[in-house]
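All remarks here apply to the structure that follows.
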Amino acid sequence: MIGAEFVPLSLPPLLIGTFAAVACALPGNFLLLRRQALIGDAISHVVLPGIVVAFLLTGAISTWPMMLGAAGASVVAVALIEAIRRLGRIEPGAAMGVVFTTMFAAGVLLLEQTDTSTVHLDVEHALYGNLESLIWLDAIGWSSLWDPVALAGLPPELPRMALALLGVGLFVTVFWRPLKISTFDEGFAQAVGIATGPLGLALVVTAAIAAVAAFDAVGSIIVIAMFICPPASARMMTDQLEVQVGWSAIFATLSAILGYVLAGYGPLLIGLNDAVSAAGMIATVSGVILAICARFGPCRTRAGAPSGIS
Amino acid sequence: MVLLDALLLQLGYNATLVSLGAALLGAAAGITGTFLFLRKRALVSDAVSHATLPGVCVAFLLMAAFGGDGRNLAGLLLGSALSAWAGLCCLNWLTQRTRLAEDAAIGAVLSVFFGFGVVLLTVIQTLGVGRQAGLEGFLLGSTAGMLFSDALVIAAGGAGALVVILFARRALTLVAFDPDYATAQGLPVARIDMLMMGLVMAVTVVGLKIVGLILIVALLIIPAVTARFWTERSERVVLLAGVFGAVAAYFGAALSASAPNLPTGPLIVLVSFALFALSLMFAPGRGVLAAVVRQRRFQRRVHLRQGLLALAQGQPIYEALTLRLLRRSGLARADGVATESGKARAAKALRDEARWEVLRRDHAHGPAAALYDGLRAIETVLTADQIAEIDRKIGGPKEVRT
């Protein structure tokens, strides 16, 4: 591949997409096993009111207030879901449905009421992100990777996403044993002295951080897809958590790279002129991977289920 | 009062059409959603609604390719129904044939179908600017250019769903509450589940135009959850959910017509959330306020009872709430000494306690003794004769000395 085009135009989005995918897939493994898979869905919806409120307060599109707003909104959402579930004695799925739709609606309403014509802030952007536009104009080729002047012009999403991935990776590595034990046997975890409540909350917060960071760069579709599809595919491949996490990272990377390449070059192959949405394509590829794993994966059926019976 | 005008359908043809259509949709969604909620599968609707997007786009592409008007609502809705059905089949296959739990399957179907839909949306955008106008409206709903024929499609769909529910309501209720029993009764549970999902799909498809595919979930879930606060009977939950849904949708649509920049879908959702929040707080029985009142009442009874027992045994009372309660009901003076009526009530309380003790030692009274909780009046458990029998064992009443 020619460096002069590849490095400035394709390398940053590829890396950002991959980092975002893996950062979401890692906590997704635990959420999946804990039957909390839809937390990612809820978080990605409530991020919208968070950033709109942050925009209203600061009056500008700046990264950190928006990240804080989004993170704050996810915490509010989790607290509200829990409160409604307990106060109203409502099943968690319905409580979640009530909260995230309402917050999303509030976000859309706020957005419509605000004059955002001067800035790039709309619902479509929130949903699809703008992965393709994250280009690195200062780069002229592979040599730019060692050029500090050019490196300063990297899209800021790239270091941020790398940082988020690092944070998520650290969390999962440091708390590996307690996470694993409490995911599979909460009672036993409590008996050996693991604070399962705070740990569960920390997991959700980590997921929220990954989601918020990824959301900023790539939109909420990728976030939901990457929380669920790679871990679910990996679940079909193995019965061991270590291996599953490994597979999920591989699948996430594969989806990001394949999706990006297909979105950029696929339409040209079938005679269309312009690229299609990379975020949507990455989600689609992860779905295809899941379909293949669900059909042929060695561990696709429930453990102990007799073969031949659905 | 623009809002009043809007509520009274005085804001012109389009606003009237939208309000009426929304109310009908709200009723249909509330009623359908109730069965989904009672079956504990509320979020399946999220997967169904997101899965409509690729169908809308494919239908648009096909209709445009064959030279027709890509924006024909009936055609788009047909396409969305087909792809929602495909999404449902994927969901069922994933939950039944693989080890994935339902929530993971929902998330997978939702994100992948929606992602694919977005890919198709961008394809449509690249084919020609302007022609795709309106397709984005399916994400969040757009009522601005609603035609009479669109309203007819919505009305027909909503009415059709309601008729099907009217005929299938017993089976739907039974499956929602106890699928195992329904199986034992010989009902085709899998097919009834499919019927329920088909209804959800119909409501979703019909609602795409007004509230959009991201927010239609709210119309299916929130009214049902709201109605559940007010009654314990399933048929009333269904009816109330329909009423709440219709009220929220009508009000939301009217509000949105009353001022510019107020999108219909989000307003409908926010109005139904307001109804939900009110119910959560103030519903009798299951509401938060009712629970607080119940708790306070219980606390008072416990304190009063313990205070009376302390008075009867001549023990000093230090607890402030107990003292205050005793004083307020005229059972004790400010210094904690029992009044005449206080002495009488205390003597009775102590005597009842002694009666309960005898009762609980006697195995013949097992079931009655199990009702003892420290508060229950013994007269509600035993007849006068039985109490007299116990009194013979424990002797006559004793005076409380202070």
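Computed from heavy atoms alone, side chains included, the values below leave out hydrogens, waters and symmetry copies. Proteins come first, then strands; the chains are lettered A, B, ... in the order of their sequence lines, and each starts at number 1.
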### Query
Going through the distances and angles, do A:Cys299 and A:Arg235 end up as a side chain to side chain contact (heavy atoms under 4.5 Å, CB included)?
CA-CA 7 Å; A:Cys299 300; A:Arg235 183 101 173 83; over 6 Å; no
### Task
May I ask you to name which of B:Val269, B:Ile106, B:Thr98 has the most heavy-atom pairs under 4.5 Å with chain A?
B:Thr98
## Note on the structure
Max heavy-atom pairs within cutoff under 4.5 Å with chain B, candidates A:Val288, A:Thr101, A:Asp41, goes to A:Thr101
### Query
With under 30° as parallel and over 60° as perpendicular, where do the rings of B:Trp230 and B:Phe244 fit, or are they tilted in between?
tilted
### Query
With a 4.0 Å cut-off, would you call B:Asp178 and B:Arg39 a salt bridge?
no
### Query
What parts of residues 32-40 of chain A touch chain B if we use heavy atoms and a cut-off under 4.5 Å?
A:Leu32, A:Arg35, A:Gln36, A:Ala37, A:Leu38
### Residue A:Ile224 versus chain B: region with a heavy atom under 4.5 Å
both
### Query
Between B:Leu110 and chain A, which part of the residue has a heavy atom less than 4.5 Å away: side chain, backbone, both or neither?
side chain
#### Entry: Which portion of A:Ala279 sits near chain B, non-hydrogen atoms under 4.5 angstrom
neither
### Summary
Turns out that what part of B:Ile268 lies under 4.5 Å from chain A's heavy atoms comes down to neither
### Query
Is it the backbone or the side chain of B:Arg228 that comes under 4.5 Å from a heavy atom of chain A, or both, or neither?
neither
### Query
B:Phe116 versus chain A, heavy atoms under 4.5 Å apart: side chain, backbone, both or neither?
both
### Summary
Max heavy-atom pairs within cutoff under 4.5 Å with chain B, candidates A:Ala232, A:Ala294, A:Ser44, A:Cys229, goes to A:Ala294
### When B:Leu120, B:Val225, B:Thr226 are compared by non-hydrogen pairs under 4.5 Å with chain A, the top option
B:Val225
### Task
Against chain B, label A:Phe100 side chain, backbone, both or neither, depending on which of its atoms sit under 4.5 Å from a heavy atom there.
side chain
### Query
If you tally heavy-atom pairs under 4.5 Å against chain B, which of A:Ala291, A:Ala283, A:Gly297, A:Ser286 wins?
A:Ala283
### Query
Within the side chain of A:Thr238, is there an N or O that forms a donor-acceptor pair under 3.5 Å with the backbone of A:Ala234?
no
### Query
Given B:Thr32, which of B:Leu219, B:Thr204, B:Val203 fulfils the side chain to side chain contact (heavy atoms under 4.5 Å, CB included) condition?
B:Val203
### Criterion side chain to side chain donor-acceptor pair (under 3.5 Å) on B:Thr122 and A:Ser277, from CA distance to verdict
CA-CA 6 Å; B:Thr122 46; A:Ser277 160; 5.1 Å; no
### Message
Please classify the contact between A:Met96 and chain B as side chain, backbone, both or neither, with a heavy-atom cut-off of under 4.5 Å.
### Response
side chain
## Note on the structure
A:Ser255 and A:Val285 have their tightest heavy-atom pair at CA-CG1, 3.8 Å
### Query
Is there side-chain contact between A:Phe30 and A:Pro231, with at least one heavy-atom pair below 4.5 Å?
no
### Contact leader toward chain B among A:Arg295, A:Gln113, A:His45, A:Met226, where contacts are heavy-atom pairs under 4.5 Å
A:Gln113
## Note on the structure
Max heavy-atom pairs within cutoff under 4.5 Å with chain A, candidates B:Val217, B:Val211, B:Leu94, B:Asp46, goes to B:Asp46
### Task
Check step by step if side chain to side chain contact (heavy atoms under 4.5 Å, CB included) holds for B:Phe276 and B:Phe229.
CA-CA 9 Å; B:Phe276 163 80; B:Phe229 279 109; 3.6 Å; yes
## Note on the structure
For A:Glu91 and B:Lys40, the nearest pair of non-hydrogen atoms, with its separation, is OE2-CA, 3.3 Å
### Message
With chain A as the partner, which of B:Val288, B:Leu280, B:Leu215 has the greatest number of non-hydrogen pairs under 4.5 Å?
### Response
B:Leu215
### Task
Identify which of A:Ile282, A:Ile222, A:Val99, A:Thr284 forms the greatest number of heavy-atom pairs closer than 4.5 Å to chain B.
A:Thr284
### Residue selection (most heavy-atom pairs with chain B, distance under 4.5 Å) from A:Ala94, A:Gly97, A:Ala95
A:Ala94
### Task
Measure B:Leu43 against the heavy atoms of chain A and call it side chain, backbone, both or neither at under 4.5 Å.
side chain
### Query
In terms of heavy-atom pairs under 4.5 Å, which option from B:Ala291, B:Ala283, B:Pro263 contacts chain A the most?
B:Pro263
